[in-house]
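Heads up: the structure comes next, in C-alpha cells.
All chains are named by letter (A, B, ...) in the order of the sequence lines, taking the proteins before the strands, and each is independently numbered beginning at 1.
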Amino acid sequence: MNGGPITRFAPSPTGALHPGNARTALFSFLLARGGGGRFLLRIEDTDVARDGEDHLAGQLADLEWLGMNWDAGPGREDGRGPYRQSGRAAIYREQYARLEESGLSYPCFCSAAELEVSRKTQLAAGQPPRYAGTCRGLDATARAARLASGRRPALRFTVPAGETIRFDDLVRGPQAIESASLGDFLIRRADGGAVFFFCNAVDDALMGVTQVLRGDDHLSNTPRQLLLLRALGLEAPRYGHLPLLLDPNGSPQSKRRGSVTVAELRSQGYLADAVLNYLLRLGHHGAPDGWIGREQMAGVFRPDHLGRAPARFDLAQLDHWQREAVRRLSAEQAADWLASEFPADWPRDQRLAAVALLKDNLRLPADAQSWFAVLDGELEPFAREDLAVVADAGAAFFGPALEAYAAIGPDLGRLAEELKRRTGRKGAALFRPLRIALTGRHDGPELAALLPAIPAPLVRGRFEKAAGMRMD
RNA sequence: GCUCCCAUCGUCUAGAGGCCCAGGACACAGCCCUCUCAAGGCUGGUACGAGGGUUCGAAUCCCUCUGGGAGCGCCA
C-alpha cells in the first residue's frame, strides 16, 4: 500500500446525512480516487445515547446512492478495522495505557457540576472557559483517596505549556495556535468510553489516513489532536478544513431548522448524478461548465481549488442539474425513475413510450402525474387564460377538428392542414387551442408526438368538451 | 466573555497590486428559433460590507468597524 492519498469519511450516526456531510464525503472520496488512493468509511458511534442503527443504515444507503464506494469500512473490512468505533475499545485501551505510562495524561475526578461552576466562574471573569487543571497536580495518595471514595475518574491529556502548534491546513494554509489557549482536554470518559478528540485522531493515524477533509468546526480543535498524536508517537494526517454548508437563508444546516437531507432529496426523485454535479461545485471551483459524468469527477476535483467561504445550498441550482440529469436518462432509466408514479395497470411498453415522450418536460417524478392523466385520464381544470383560448376557438373550430380527426386520425401534420383549410386558422391560432383542449395546459412535448399517444376516445371527448366551452 | 475563521452579482464562484469602471455558471428579463414548454443562440441588469491607511495604482496588502460562523463539552 503506497503512493495515493488515503482519505476517509467519518460520520457519526446521530441523524440523517445532510448535503454538507455528503459534500465532505464526496471531496474526500474524489481526493482518494483522483490520486489512486483509498477511501475509507469509519463510523464514529461512540455516543451511546444519540447513535441509532437506523441512522447508520440511512447514511450508508445515502452514501451508496451517491456512488461513494468505500474501499474499506463497515461491511468491507481489510484488517485495519474494525471500522466502527464501537468495536475498537481494545485498541483504545492500549493507546490509553501508553499515554498513562508516559505521564502525558492524568485522571480527573472533577464532577460535571464542579466543572460547570468553574466554567461559569471563568466566563463571568471574562476568561475563556478552560479546564482549570484541578486534578493535574494530584499526587498518588490524593488519587488513591479519591478512588477509594468511589469516584470514577475520567482521563485528561496534559497540554504542554508555552508551545506554538503549527500546521499547514490543506485549505486554510499555515496555522499557528498557542498551547496556552488550550485547556487539558478530556480523552476518556469516566465510564471508560473514548472521546472524539482521542478516537478520531488515533483512528486516522492507525488506519493510515493521509489526508483528512472535514468541517470547519474542527479547525480550532486540530491542535489538540496534533498534540495527542505526537504524544502517542503516531503520524498525523494532513488536515483540510472545509467551510460549512449553509441553508438558503444563510444559517447553518440543522435538523431543528428542517434543513433538507440527502434522503429527502432522493425520495423526492432527485437523481444522484444531479446532486453530485451540484455538490462538486459548492465551495469548489475549477470544474468546467456543464455536465460532469461520475467517472470524470475525480479528475476534475482539486483540493487546492477549495474555497474558504461558506456556501449556501440553493435548490434552484440543484434543479438545473436535475433537469440535465433527467434529460440524460435513457427511456429505461427514466421508467425506473418514475416507477412509483405510473398508473398500476400500465404495461412496460406503455410506460417506456410515455417516458420517452414526457421525460424532457419533467423535473421530478411527481410532475409526471398530471401528464399521465393527459394520456390516460381526466384533465385538470383549465387555467383562465387557457380557457379563454379554447372558448375563443369554440365550436367553429372544434367541430371541424372532430370531423377531421375522425377522417384523418392522429396525424398532426395532415390534421393541421385540414383545419387550416376549413377554419382559416394557422400557426399559434391553430395549435394553441388544439394543445390546450387536448392537454389542459399550454406547455409540454411536441403536439405531433403527443396526439398519437392519447387514445382516440379521449381525443374525441376533449374536442367535444372544448367545442362547448364558454368563458363564465 | 476569550480565541480563531470567513466576507465579490439573488445563488455558486474567477480574481493571489495594474490584464477588472470586475469574468463565468445558475437564476432572472428581452429577442431569435418554435404550435407551447424545455433545449439552443444572442442581448441585458445586478456584486468587490463600511471606514481608514500603504502605493503612482487595491477586489487584491495593513488596521478598525460591521455582519456571519466556529471553538472553548464526560457531543461528534
Side-chain angles (χ1 to χ4, degrees), chain A residues 10-15 44-47 49-51 85 108 110-112 115-116 119 122-131 152-156 169 172 175-178 180-183 185-197 199-200 214-224 241 243-244 246 248 250-252 278 281-290 305 307-321 323-324 326-327 359-363 386 412 416 426-436 439 441-448 450:
Chain A
S12 50
T14 54
E44 310 227 320
D45 53 348
T46 55
D47 187 347
R50 293 198 300 153
D51 291 337
Q85 291 184 329
C108 173
C110 297
S111 70
L115 293 172
E116 186 57 24
R119 205 170 359 252
Q122 293 178 74
L123 238 23
Q127 300 289 317
R130 285 199 274 274
Y131 181 64
R152 296 236 77 88
L155 193 65
R156 274 183 198 278
D169 192 276
R172 291 303 164 78
Q175 309 286 317
I177 292 89
E178 299 305 319
S181 71
L182 270 25
F185 55 94
L186 209 75
I187 55 177
R188 186 178 64 203
R189 289 192 274 263
D191 66 6
V195 168
F196 168 80
F197 288 131
C199 49
N200 176 270
R214 52 168 24 167
D216 223 350
D217 45 339
H218 293 300
L219 181 62
S220 32
N221 289 330
T222 304
R224 287 171 230 270
H241 290 91
L244 261 31
L246 271 24
S251 60
Y278 180 45
R281 292 165 164 96
L282 269 184
H284 173 250
H285 66 88
D289 289 345
H305 282 178
R308 305 181 179 200
R312 301 180 192 212
F313 187 84
D314 180 15
L315 266 184
Q317 303 216 26
L318 209 212
D319 281 342
H320 169 255
W321 297 113
R323 288 178 200 280
E324 183 69 31
V326 172
R327 234 174 271 135
K359 190 167 69 79
D360 292 358
N361 283 276
L362 305 177
R363 188 180 104 252
D386 292 340
L412 187 73
K426 57 179 183 179
L430 173 78
F431 287 101
R432 279 195 67 186
L434 272 184
R435 167 178 292 280
I436 295 168
T439 69
R441 51 199 295 172
H442 52 258
D443 61 351
E446 265 185 273
L447 249 194
L450 216 35

*Counting side-chain heavy atoms from CB outward, which of B:rG73, B:rC35, B:rA76 is closest to A:Pro129?*
B:rG73
_Point-to-point distance, once rounded to the nearest 0.5 Å, from CZ of A:Arg172 to NE2 of A:His241_ = 8.5 Å
*What is the distance from atom CZ of A:Arg327 to atom CD of A:Glu324, rounded to the nearest 0.5 Å?*
5.0 Å
*Using Watson-Crick or G-U wobble geometry with both distances below 3.5 Å, tell me the partner of B:rG18, or none.*
B:rC56
*Can the ring centroids of A:Phe197 and A:His218 be said to lie less than 6.0 angstrom from one another?*
no
*Return yes if the base of B:rC35 and the side-chain atoms of A:Arg432 contain a donor-acceptor N/O pair under 3.5 Å, otherwise no.*
no
*Base, sugar-phosphate alone, or nothing: which one does A:His218 contact when heavy atoms must sit under 4.0 Å apart?*
base
_Atom-to-atom span, CD of A:Glu446 to P of B:rA38 - whole angstrom_ = 15 Å
*Would you mind classifying the nucleic acid contact of A:Tyr278 as base, sugar-phosphate or nothing, using non-hydrogen atoms under 4.0 angstrom?*
nothing
*Selected nucleotide, minimal atom distance to A:Leu115 side chain, candidates B:rC72, B:rC74, B:rA76*: B:rC74
_Is it the case that the side chain of A:Arg119 and the backbone of A:Arg130 share a donor-acceptor pair, with hydrogens and angles ignored and the cut-off at 3.5 Å?_
no
*Tell me what A:Gly126 touches on the nucleic acid: a base, only sugar-phosphate, or nothing, going by heavy atoms under 4.0 Å.*
sugar-phosphate
*Atom-pair distance (CZ on A:Arg435; P on B:rU34), nearest Å*: 15 Å
*asked:* Under 4.0 Å, heavy atoms only, any strand: does A:Arg327 hit a base, just the sugar-phosphate, or nothing?
replied: sugar-phosphate
*Which part of the nucleic acid, if any, lies within contact of A:Ser12, taking any heavy atom under 4.0 Å across all strands shown: a base, the sugar-phosphate backbone alone, or nothing?*
sugar-phosphate
*With a non-hydrogen cut-off below 4.0 angstrom, is A:Pro310 in contact with a base, only sugar-phosphate, or nothing?*
sugar-phosphate
*Please give the nucleotide sitting opposite B:rG1 as a Watson-Crick or G-U wobble pair, both distances under 3.5 Å, or none.*
B:rC72
*Tell me what A:Thr14 touches on the nucleic acid: a base, only sugar-phosphate, or nothing, going by heavy atoms under 4.0 Å.*
nothing
*If the P atom of B:rC19 is compared with that of B:rC61, how far apart are they to the nearest Å?*
16 Å
*Calculate the interatomic distance between A:Asp216 atom CG and B:rU3 atom C1'; express it in whole Å.*
14 Å
*Listed nucleotide nearest any side-chain atom of A:Arg50, set B:rC74, B:rC75, B:rG71*: B:rC75
*Please report, rounded to the nearest Å, how far the P atom of B:rC12 is from the NE2 atom of A:His285.*
14 Å
*Partner of B:rC31 by Watson-Crick or G-U wobble geometry, both contacts under 3.5 Å, or none?*
B:rG41
*Within the side chain of A:Asp51, is there an N or O that forms a donor-acceptor pair under 3.5 Å with the backbone of A:Thr46?*
yes
*Check every strand shown and say whether A:Pro445 touches a base, only sugar-phosphate, or nothing at a heavy-atom separation below 4.0 Å.*
base
*Mark yes or no for whether A:Tyr131, through its side chain, and A:Leu182, through its backbone, hold a donor-acceptor pair below 3.5 Å.*
no
*Determine the interatomic distance between P on B:rG23 and the same-named atom on B:rC65; round to the nearest Å.*
33 Å
*When we call it a touch if two heavy atoms are under 4.0 Å apart, what does A:Arg224 touch: a base, just sugar-phosphate, or nothing?*
sugar-phosphate
*Given B:rU11, B:rU36, B:rA76, which nucleotide is nearest the side-chain atoms of A:Asp314?*
B:rU11
*asked:* To the closest 0.5 Å, what do you measure between OG (A:Ser220) and CD1 (A:Ile177)?
replied: 8.0 Å
*Would you indicate which nucleotide in B:rA76, B:rC4, B:rG1 comes nearest to any side-chain atom of A:Val195?*
B:rA76
*Indicate, with a heavy-atom threshold strictly under 4.0 Å, whether A:Leu123 touches base, sugar-phosphate, or nothing.*
base
*asked:* Counting only side-chain heavy atoms from C-beta out, which of B:rC72, B:rG69, B:rC75 sits nearest to A:Leu244?
replied: B:rG69
*asked:* Check whether A:Phe185 forms a cation-pi arrangement with A:Arg156 (NZ or CZ under 6.0 Å from the six-membered ring centre, at most 45° off the ring normal).
replied: no
*Could you measure between the two P atoms, the one in B:rU60 and the one in B:rC48, and give it in whole Å?*
12 Å
*Counting Watson-Crick and G-U wobble pairs only, both distances under 3.5 Å, name the nucleotide matched with B:rC9, or none.*
none
*Roughly how many Å is it from CG in A:Leu447 to P in B:rC35, rounded to a whole number?*
10 Å
*Looking for any heavy atom pair under 4.0 Å, which part of the strands does A:Arg172 touch: base, sugar-phosphate only, or nothing?*
sugar-phosphate
*Remember a base hit wins even if backbone is also touched, and classify A:Gly283 as base, sugar-phosphate or nothing at under 4.0 Å, heavy atoms.*
sugar-phosphate
*Starting from the 5' end of RNA chain B, give me the residue, A:Pro252 or A:Asn361, whose nearest nucleotide shows up first.*
A:Asn361
*How far does the C1' atom of B:rA58 sit from the matching atom of B:rA39, given to the nearest Å?*
42 Å
*asked:* Quick check: on RNA chain B, is the nucleotide nearest A:Gln317 upstream (toward 5') of the one nearest A:Ala190, or the reverse? Name the residue that is more 5'.
replied: A:Gln317
*asked:* Heavy atoms only, 4.0 Å cut-off, all strands: where does A:Arg188 land among base, sugar-phosphate and nothing?
replied: nothing
